[in-house]
Protein chains: 2
Amino acid sequence: MLSHTEENYLKALFHLTSEITGKSEAGTNELATTLNVKPATANDMLKKLKEKKLISYEKYGKTSLTATGKKQAIQIIRKHRLWETFLYEKLEFTWDEVHEVAEQLEHIQSSKLIEKLEKFLNYPEVDPHGDSIPNANGEMKTRARKTLTQVPVGKTCKLVTVKDGSASFLQYVMKVGLGLSSKIKVVTRQDFDGTMEIEVDGKKSSVSQKFADNLYVV
Amino acid sequence: MLSHTEENYLKALFHLTSEITGKSEAGTNELATTLNVKPATANDMLKKLKEKKLISYEKYGKTSLTATGKKQAIQIIRKHRLWETFLYEKLEFTWDEVHEVAEQLEHIQSSKLIEKLEKFLNYPEVDPHGDSIPNANGEMKTRARKTLTQVPVGKTCKLVTVKDGSASFLQYVMKVGLGLSSKIKVVTRQDFDGTMEIEVDGKKSSVSQKFADNLYVV
DNA sequence: TCAATTTGTTAGATTAACATAACTTTATAT
DNA sequence: ATATAAAGTTATGTTAATCTAACAAATTGA
């Protein structure tokens, strides 16, 4: 049985070494920063997690999760995302409120609880941020999050979430007629600077690449 | 902000000094026993809680909650009971499974969460064990509780809750075919030792007085 | 009433998770 | 190539929550 703190280290390591970041190892300082602790503290924990065979770590080297460690990390992420889905869908939390509470709920120890919760939510595959939810075996549809920038001309996609959640950006998004689950058709794209023409509910708009990079779609 | 441990002490003190137990103070050893710690450990915590003005405590004396401490304890109990209701009603947990998981969930810190959960459950007044759920202001309907022992022969009553909530007792209760809201008919009672014959869903069982004393009914 | 039992307290250790300060190793930049 | 910066480590200390062992106070029962 892992402590809350140990679980948080595994989760942080998983995120720091995912496909999205592109890296397969993380540094001690980097890890300490993401967990808001001092490097010395992280160093202590790395030794402990190595002892438990959850990470590969050598003095002055980079750290990565072992197969076992990764498995455990995925289970925590599974719980986190299921709770986020619960908060969003059943308790009327907004997308920006779910994370903080899910950070606490993910540490509740009860396999029955998480299985029943998953069933109650009707086996969702994606959380409110559009991240896919691993199943009980840790298998995860790697629908790696895609931004609007990656959608080919002529195709239509659905808005899942935004990367930058600032009020100013959200207002801009709404001005273009977009909301959660909006269908977006990519009409044209300039090779020069990535500026795109998109169509939402029959309404055409021109948006910059920076804008498109901030929209996650499926 | 209280630690999980501090919250558990307040909760234990509340239960040890409730109307049901009849007492208004608790001893150090008694408290230690219910929390599964050594008296020395409880003693340290009592000093700390006194410092925080959550309990009244004097060296070699008995302990009781202050108004502030009681208020906090009730909020924890409110959370516990709402989570139990959620597990029972929404996640298909059985009667005897809810407590253990609720012990963990009750420590989640988020007033929004508990308000939304209460709304989602449609403002329940009673948890799956029949204990009333305090509202956001800490107000609680104190229903006069009657035990099965007090029901006259020939009468039928409804099971509301149990006095001893241990898993082993709850399993025994279920074995007799009893569940929340079960109708119980008292068929016979021996004057000698109080042993009763009862009927639940047409099924007859013989139960001891001790057993009957543990069942609250209306 | 006073010796025995129960109850409560103190002192001193331990463990997990953090910190600071001083140090060592590795990376980098001209 | 090597001085400097960045990254990582070690030693030491703190706090919260636990323990054991020894001691002190309060209760009780003959």
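Everything numeric here is computed off the predicted structure, so don't read it as measured data. Quick note on labels: first sequence line is chain A, next is B, and so on, each numbered from 1.
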Assess B:K112 against A:F93: is NZ or CZ under 6.0 Å from the centre of the six-membered ring, and within 45 degrees of the ring's axis?
yes
Do the rings of A:F120 and B:F86 sit parallel, tilted or perpendicular, given the 30° and 60° boundaries?
perpendicular
Is it the case that over 12 heavy atoms from other parts of the model lie below 6.0 angstrom from the NZ atom of B:K119?
no
Using whole Å, what does the distance between atom C1' of nucleotide C:dT7 and atom CD of B:E30 come to?
11 Å
Please encode protein proximity along nucleotides 9-21 of chain C as a string of B, S and -, counting only heavy-atom distances under 4.0 Å.
BB-----SSBBB-
Give a yes or no on this: more than 12 heavy atoms of other residues, nucleotides or ligands lie within 6.0 Å of atom CD of A:E51.
no
With a 6.0 Å cut-off (strictly less than), is the heavy-atom count around CD of A:E6, excluding the residue itself, greater than 12?
yes
